[in-house]
Amino acid sequence: MSTRPVAMTIAGSDSGGGAGIQADLKTFTSLGVFGVTVITALTSQNTRKVAKIIELPPDFIESQFDVIMEDFQVKYAKTGMLASSKVVEAVEKKVSQYRINLVLDPVMISKSGFPLVSEDTVREIMRLARKSMLITPNKFEAEKLTGFRIRTNEDVKTTALYLHKNLGVNVVVKGGKTLGGYDFAVIEGEELELKGDLINTENLHGSGDVFSAAITAFLSRGMKLKDALIQAKKVVSEAIKFSLSLGSGNGPVDPFSIIERKSKIEEARENLEKLVEFIEKNPCIVKKVLSHEEKMNIGYVTEYGDFATLAGGIVRYIDWIKVDGPIVVNWYTNLVAKALKLTGKRVGVSFSLTNELLNLVETGSLKISESGIYGDLLMIDGKVVLVAESLDELITKLEGLRK
Ligand SMILES: Cc1ncc(CO)c(N)n1
């Protein structure tokens, strides 16, 4: 009998899958929240353009609210694209009726540069803003709402303070890429700076949507607004860091990376556990490649660049081997990490250049590469590293050393 907090998104559909409802649901799901959707508009859109927009009739928008609220408990919702003043009015009415706490993302144009709302909607959005628990304008939207020009971090702060005072609402103004992801928030009068990581990418389609959806998800999980903002900033930074080169325009950010990254780390651990098991069952192979009282180690790098290895490596004492310490992730880098980086391979094992190995090299049955570009067996800092694309491939290669 499982359950989850429920969060609502009131937004438009992006046929390109990267923004709008699609981004919101991926973000909700990735953050452990069940998403319900009030769709306000349909867009035919890709990473390059918005071709067509169909606004949904206000009575249908209202019906979605009524049917959802008849059946679910929803305390928090975010808004995305509200295409016209009629749409804003319908949303305003229902949000008040059901006392839903609103995170208002005043979406105005797409990353590809196309308007998503009509000009006359700005005033209506200002009115809805006063009733919201937070508004999340980006630089462009904050300029539209205030008439200010934002060029520096200081301008971001000034604009946030002005909006907070003028509308009496909690606000976070997002500086965006040109200001290095610098955001400034004012929450119940408390000022909060959010610094971004410098990530050089144009694949930012959906970044704003992921941010406001993440805030809404964290609120639905019971977090305080300030903490929700801080956590959401981390989520969006990660989604940008692992954004996807899909389409020929501004590619989508990837909120699912939050979950997949963790699952890939788990996969790395499982792979290393299997490799340890293989090594423990095959001391004869270890004796061939590892000198007495020397250490070998194993390592696995995930698609996300996280590196798992043994904290203490594996030591050989004459006839037995000892696995030293646990599997650690991103704890430190070693020779295996270096070899994997050099070759782009997934999994590796380092050992010593024993006489047995040297014999194999001299007879030509093994090739050692110094650069690591051509071979799977490389020499680095006087040690040998064997690398492979997968665990199975590495085990096959290790078994090959038995002969
Ligand atoms: C439907 C929709 N909502 C929001 C945005 C802004 O990211 C977009 N491009 N499309």
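In each ligand, atom 1 is the first atom listed, and ligand 1 is the first ligand listed.
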Distances under 3.5 Å, N/O of ligand 1 against N/O of the protein: list each pair and its distance.
unit_1: ligand 1; atom_1: 7 (O); unit_2: D209; atom_2: OD1; d: 2.8
unit_1: ligand 1; atom_1: 9 (N); unit_2: Q45; atom_2: OE1; d: 2.8
unit_1: ligand 1; atom_1: 10 (N); unit_2: Q45; atom_2: NE2; d: 3.2

> Centres of the F242 and Y304 rings: under 6.0 Å?
Replying inline: yes

> What ring-ring contact (aromatic ring centres under 6.0 Å, His included) pairs are there with at least one residue in residues 53-100, not counting sequence neighbours?
Replying inline: none

>> According to ring-ring contact (aromatic ring centres under 6.0 Å, His included), does anything in residues 159-210 pair up with another residue at least two apart or in another chain? List the pairs.
In response: F148-Y162

> In terms of heavy-atom contacts, does NZ of K177 have more than 12 from other residues, nucleotides or ligands at under 6.0 Å?
Replying inline: yes

> Any side-chain heavy atom of K226 sitting closer than 4.5 Å to one from L192?
Replying inline: yes

> Taking only residues two or more places apart in sequence or in another chain, which ones pass side-chain hydrogen bond (donor to acceptor under 3.5 Å, both in side chains) with E356?
Replying inline: none

